[in-house]
Amino acid sequence: MIDLIFPDGSQRQFEDGVTGRDVAASIAKSLEKKALLIELDGQLLDLDRVLPGGGAFKILTRESPEALETIRHDASHIMAEAVQELFPGTQVTIGPAIEDGFYYDFARETPFSLDDLASIEQRMKEIVDRDEKIVREVWDRKEAIAHFSDIGEAYKAEIITDLPEGETITVYRQGQWKDLCLGPHLPSTKHVGKAFKLTKLAGAYWRGDHRNAQLQRIYGTAWASEADLDAYLKRVEEAEKRDHRKIGRVMDLFHLQEEGRGMVFWHPKGWTLYRVVENYIRRRLEDGGYAEVRTPQIMDRSLWEASGHWEKFGASMFVCETDEGEELAVKPMNCPGHVQIFKVGQKSYRDLPLRMAEFGACHRYEPSGALHGIMRVRGFTQDDAHIFCREDQIEEETTRFVRLLNSIYGDFGVELHSVKLALRPDLRAGTDAVWDIAESKLDRAARQAVNMEVEALPGEGAFYGPKLEFHLRDAIGRTWQCGTLQLDFVLPERLDATYIAEDGSKQRPVMLHRAIAGSMERFLGMLIENYAGAFPLWLAPTQVVVTTITSDADDYAHQVVRELRAAGLRVEVDLRNEKINYKIREHSLTKTPVIAVVGRREAEEGKVALRRLGSDGQEILTLAQAAKALANEALPPDLARLSALAMAPGETLGAE
RNA sequence: GCCGCCUUAGCUCAGCCGGUAGAGCGACGCAUUCGUAAUGCGUAGGUCAGGUGUUCGAGUCACCUAGGCGGCACCA
């Protein structure tokens with residue numbers, strides 16, 4: 001007998017050998033009909049599988065969020081079945097459920113074309129209609145390998161071969177088709193429903209390794225209902241409107257062109273935004289005890305050899321040779337330059353921690369396929385800094401850094417999506433004991449500073465030390481690493497950085513490489529998507545457009561512009577002989593936060609009518625009131641906090 | 001870099017089975033002076049990404065090159 005505890009807390013006993021379906025049937029016939037899967041002690045199981053024991057028991061239906069992943073997984077199997085029916089000779093590999101959908105990787109000589117997706121989708125719907133029972137079978141390892149080899153499924157045979165001895169090999173059969181799979185699955189293909197759509201075609205390497213064969217991946221999305229599918233498609237469409245490349249064009253922020261692939265041409269408005277962000281970060285760094293420096297863009301090969309970059313990073317570096325035979329490299333990172341500054345003169349333990357910051361323009365030769373708008377470029381600027389410190393200062397410096405990062409993200413209104421800790425790689429410098437300390441320090445310090453899980457990434461650290469990664473999410477759900485903190489035991493050694501300790505001995509400092517925005521370009525791309533271009537006043541490139549109803553008010557409009565500019569605001573004027581409706585529409589489309597409309601009435605009364613982006617009401621203020629209120633609102637958050645602290649009545653700090 | 005798709009006016013996009021290039025917006029000109037998301041009329045804009053080929057004839061078909069987009073790999 002087994003004991004099952006139901007979600008309402010009630011408990012019942014069942015005979016050994018009972019299946020999830022039996023239990024559902026014992027509750028209600030209607031429940032049995034709706035049941036798709038069961039959850040036993042948090043683990044999903046097939047409905048028709050004999051329960052392996054008792055525990056917390058739950059029946060999942062279409063409506064259960066937990067069932068969605070299985071619906072998607074099944075959809076991928078149905079797609080694989082459809083593909084093998086339509087394109088005999090195609091080998092299957094793996095096909096998991098992913099966020100919002102699923103994919104399946106196939107091995108086939110001739111690539112699929114976009115047109116094939118329609119016929120595959122059609123066949124999938126037929127398979128759903130066939131209502132094929134999905135049956136779990138446990139196979140013997142040798143037999144399974146022999147079977148999959150025989151039918152020409154080399155990849156499946158390889159997967160089984162690589163499974164640890166003693167692992168249960170399960171094969172799921174649906175109709176004539178079968179696939180090696182861990183499961184669980186729905187009772188039959190009918191239950192997957194038809195709320196799915198094949199979305200894209202891509203190449204993908206077998207087991208994610210570019211040295212392996214390239215497979216063909218078909219992506220799809222699948223949902224519990226048509227309504228959910230439509231909502232998803234609409235969401236994607238909306239997200240595409242936030243694309244920073246599109247908004248960058250509409251708002252005239254920047255452009256990219258062939259002759260400078262991966263290099264951003266910042267237009268006046270985009271550069272204004274850039275400078276506002278840079279100056280804000282600069283103030284926060286100064287406030288956080290950093291000193292800003294500037295190091296050369298191009299340095300001799302010998303330095304890059306000494307730092308190890310020539311060997312480890314050479315393939316990504318832009319190099320050049322002079323007529324005199326010098327070999328130079330454009331800097332891909334700022335660290336070697338900073339060590340040079342550290343090494344000038346003698347440093348004492350009293351100088352540590354020494355925090356050296358630079359908005360350092362770096363160039364890296366990124367693979368062409370990696371480029372993406374201004375998010376992934378070849379020329380970018382890091383809000384970089386290196387903290388030279390003693391080993392016992394690592395933890396405190398890390399906590400300080402993560403707090404600063406979190407506060408800065410907060411001021412920009414972006415939300416940290418995840419924090420990851422990249423752990424020691426196979427090839428590494430330093431002893432295990434040092435790595436143990438380094439990893440646990442970073443982990444502890446990060447957890448202390450943010451109330452968030454820290455996901456471990458085994459083997460992904462740099463050869464010289466572990467690395468904390470701070471990820472933000474873009475408009476279409478892709479996540480990007482922005483902030484980072486890397487511990488480095490190696491570079492101070494390679495470039496021979498030392499300080500004099502209390503006992504007079506020479507010691508090696510530890511270096512923390514850290515960045516908050518990461519790349520300014522990427523961070524601005526994130527900001528553009530985060531706000532869909534509708535920036536808060538302090539960030540908006542143009543904060544106010546003053547525009548007239550008729551040319552009678554032109555002179556007054558100029559006066560308004562002068563006063564608002566005197567209050568520190570970024571103001572433009574639009575005196576075009578167009579209807580007010582037209583001008584409002586145009587400035588709204590380019591996301592100007594405040595439109596100040598002036599007509600004869602305002603001119604006579606010395607007032608302005610402020611219209612906020614996204615609202616159709618207006619606020620009539622005197623010119624002096626408007627200037628003061630807007631200037632106050634336009635204060636960057638850090639200065640706003642200062643001014644609130646100062647509480648000096650009537651005093652305002654100039655906005656940028 | 002690899003796989004797939006795309007590239008037509010400044011922008012967004014039509015262009016059928018191969019028959020000689022279109023729209024809207026924008027720009028420019030003229031008229032209009034108007035009260036909160038598109039005033040009217042007119043004018044100019046194209047080596048159909050570049051190249052080679054097939055064809056009587058190519059924006060359309062084939063191949064090559066470049067760039068872009070979506071993934072993969074790589075990465076801030």
Side-chain angles (χ1 to χ4, degrees), chain A residues 103 105-106 108 111-117 199-219 240 243 245-246 249-250 256-259 261 313 315-316 332-334 360 362 364-378 380-384 460 462 467 469-472 476 478 480-484 486 513-523 525-526 547-554 575-589 595-602 609-618:
Chain A
Y103 68 78
D105 285 345
F106 300 100
R108 179 172 181 247
F112 295 111
S113 78
L114 232 38
D115 296 335
D116 295 331
L117 294 193
T199 50
K200 50 199 174 191
L201 214 48
Y205 299 103
W206 168 236
R207 294 193 155 161
D209 190 329
H210 68 279
R211 288 165 302 195
N212 289 341
Q214 185 154 41
L215 308 170
Q216 294 180 64
R217 177 172 298 181
I218 302 178
Y219 282 94
E240 279 166 6
D243 193 310
R245 292 163 296 193
K246 194 181 166 70
R249 188 165 49 238
V250 173
L256 299 152
Q257 70 183 46
E258 274 187 46
E259 291 83 353
R261 296 188 69 192
F313 211 75
S316 306
M333 296 182 194
N334 306 299
C362 297
R364 297 181 188 170
Y365 186 82
E366 298 288 340
S368 58
L371 303 178
H372 177 86
I374 64 172
M375 301 285 220
R376 186 77 187 272
V377 287
R378 287 177 174 167
F380 58 101
T381 303
Q382 293 179 313
D383 62 325
D384 203 3
E460 292 196 20
K467 168 177 162 190
E469 299 179 358
F470 302 87
H471 293 254
L472 299 175
I476 29 185
R478 287 179 288 218
W480 296 89
Q481 185 193 318
C482 288
T484 178
Q486 290 174 242
H513 309 245
R514 39 108 302 163
I516 290 174
S519 129
M520 295 292 287
E521 287 76 3
R522 175 179 297 179
F523 193 69
M526 300 282 328
T547 190
T548 47
I549 290 172
T550 66
S551 54
D552 293 351
D554 284 5
L575 303 180
R576 285 176 305 170
N577 176 15
E578 294 288 351
K579 286 192 166 184
I580 191 64
N581 279 320
Y582 178 87
K583 293 196 274 192
I584 296 235
R585 176 178 155 84
E586 194 170 281
H587 298 302
S588 300
L589 288 175
I595 302 173
V597 179
V598 294
R600 194 177 300 169
R601 221 154 52 215
E602 285 75 13
L610 301 184
R611 186 198 160 99
R612 301 290 180 143
L613 180 61
S615 90
D616 46 10
Q618 20 180 334

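Side chains included, hydrogens not; waters and symmetry mates left out as well; all remaining heavy atoms used. Just so it is clear: chains get the letters A, B, ... in the order the sequence lines come, proteins before strands, and each one is counted from 1.
Proximity of H372(A) to the phosphate of G70(B): a side-chain N or O atom is located under 4.0 Å from OP1 or OP2. For R261(A) and G67(B), the shortest distance from a side-chain N or O to OP1 or OP2 is below 4.0 Å. Taking side-chain N and O atoms only, R378(A) has no distance below 4.0 Å to OP1 or OP2 of C75(B). In this structure, Y582(A) reaches the G26(B) phosphate: one of its side-chain N or O atoms is under 4.0 Å from OP1 or OP2. Dashed line: the shortest gap from a side-chain N or O of S368(A) to OP1 or OP2 of G1(B) is under 4.0 Å. Between N581(A) and the phosphate of A37(B), there is a side-chain N or O to OP1/OP2 separation shorter than 4.0 Å. Contact annotation: K467(A) reaches the phosphate of A76(B) (side-chain N/O to OP1 or OP2, under 4.0 Å).
The R585(A) side chain lies nearest to A37(B) when the options are G71(B), A37(B), C3(B). Picking from C74(B), G71(B), A38(B) the nucleotide with the shortest atom distance to the side chain of K200(A) gives G71(B). Closest to the side chain of Q481(A), from the set A76(B), A73(B), A37(B), is A76(B). For Y219(A), the side-chain atoms get nearest to C72(B) when compared with the rest of C72(B), A73(B), G70(B). Of the candidates A76(B), C34(B), G70(B), A76(B) carries the atom nearest the F380(A) side chain, counting heavy atoms from C-beta on. Closest approach to the R245(A) side chain among G70(B), C72(B), A37(B) is made by G70(B) (side chain taken as heavy atoms from C-beta onward). Considering only side-chain atoms of R600(A), the nucleotide from A76(B), A73(B), G35(B) that sits closest is G35(B). Residue V377(A) has its side chain nearest to A76(B) when only A76(B), G71(B), A37(B) are considered. Checked against A76(B), C72(B), U36(B), the side chain of A204(A) finds its nearest nucleotide in C72(B). Of the candidates A37(B), A76(B), G71(B), A76(B) carries the atom nearest the Q382(A) side chain, counting heavy atoms from C-beta on.
Between the P atoms of G15(B) and U60(B), the separation comes to 15 Å (whole Å). Nucleotides G26(B) and U12(B) have their C1' atoms positioned 11 Å apart, rounded to a whole Å. Comparing G71(B) with G57(B), their P atoms sit 43 Å apart, to the nearest whole Å. To the nearest whole angstrom, the two P atoms, one in G59(B) and one in A27(B), are 31 Å apart. The C1' atoms of C28(B) and G45(B) are separated by 10 Å, rounded to the nearest whole Å. Spacing of C1' atoms, C16(B) relative to A73(B), comes out at 41 Å, to the nearest Å. Straight-line distance between the C1' atoms of G22(B) and U8(B): roughly 10 Å, to the nearest whole Å. Across U47(B) and G70(B), the matching C1' atoms stand 30 Å from one another, rounded to whole Å.
Both distances falling under 3.5 Å, in either a Watson-Crick or a G-U wobble arrangement, place C6(B) opposite G67(B). Searching all strands for a Watson-Crick or G-U wobble partner of C16(B) with both distances below 3.5 Å returns nothing. Pairing for C41(B) is with G29(B), a Watson-Crick or G-U wobble pair whose two hydrogen-bonding atom distances lie under 3.5 Å. Using N1 to N3 plus N6-O4 or O6-N4 for Watson-Crick, or N1-O2 and O6-N3 for G-U wobble, each under 3.5 Å, G35(B) pairs with nothing. Base pairing of A21(B) is not made with any nucleotide, judged by Watson-Crick or G-U wobble geometry with both donor-acceptor distances under 3.5 Å. Using the Watson-Crick or G-U wobble rule with both distances under 3.5 Å, A62(B) pairs with U52(B). Under the Watson-Crick and G-U wobble criteria, each requiring two contacts below 3.5 Å, nucleotide C72(B) is paired to G1(B). Remark: G46(B) base-pairs with no nucleotide; criterion is Watson-Crick or G-U wobble with both hydrogen-bond distances under 3.5 Å.
In this structure, G15(B) is classed as anti because its glycosidic torsion departs from zero by more than 90°.
Nucleic acid contact class of A609(A) (heavy atoms, under 4.0 Å, all strands): base. As judged by a 4.0 angstrom heavy-atom cut-off over every strand, R217(A) is placed among residues touching the sugar-phosphate backbone only. Using a 4.0 Å heavy-atom distance criterion, E366(A) is classed as a base contact. When heavy atoms are screened at a 4.0 angstrom cut-off, G483(A) is found touching no nucleic acid atom at all. Looking at heavy-atom distances under 4.0 Å, I595(A) makes no contact with the nucleic acid at all. If you check every strand for non-hydrogen atoms under 4.0 Å, E460(A) touches nothing. Nucleic acid contact class of C362(A) (heavy atoms, under 4.0 Å, all strands): none. Among the atoms of the strands shown, none is found under 4.0 Å from any heavy atom of T484(A).
Scanning for ring-ring contact (aromatic ring centres under 6.0 Å, His included) contacts around Y365(A) gives F318(A), with sequence neighbours left out.
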query = In B/S/- notation, 5' to 3', how is nucleotides 43-48 of chain B contacted by protein heavy atoms closer than 4.0 Å?
reply = ------
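Nearest-nucleotide positions on RNA chain B for Y205(A) and S615(A) put Y205(A) closer to the 5' end.
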Give me, pair by pair, the N or O atoms of the protein and of nucleotides 5-16 of chain B that are less than 3.5 Å apart, along with how far apart they are.
residue	atom	partner	partner atom	Å
U12(B)	OP1	R249(A)	NH2	2.9

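Salt-bridge formation is detected for the pair R245(A)/D243(A): a Lys NZ or Arg NE/NH1/NH2 atom is positioned less than 4.0 Å from an Asp or Glu carboxylate oxygen.
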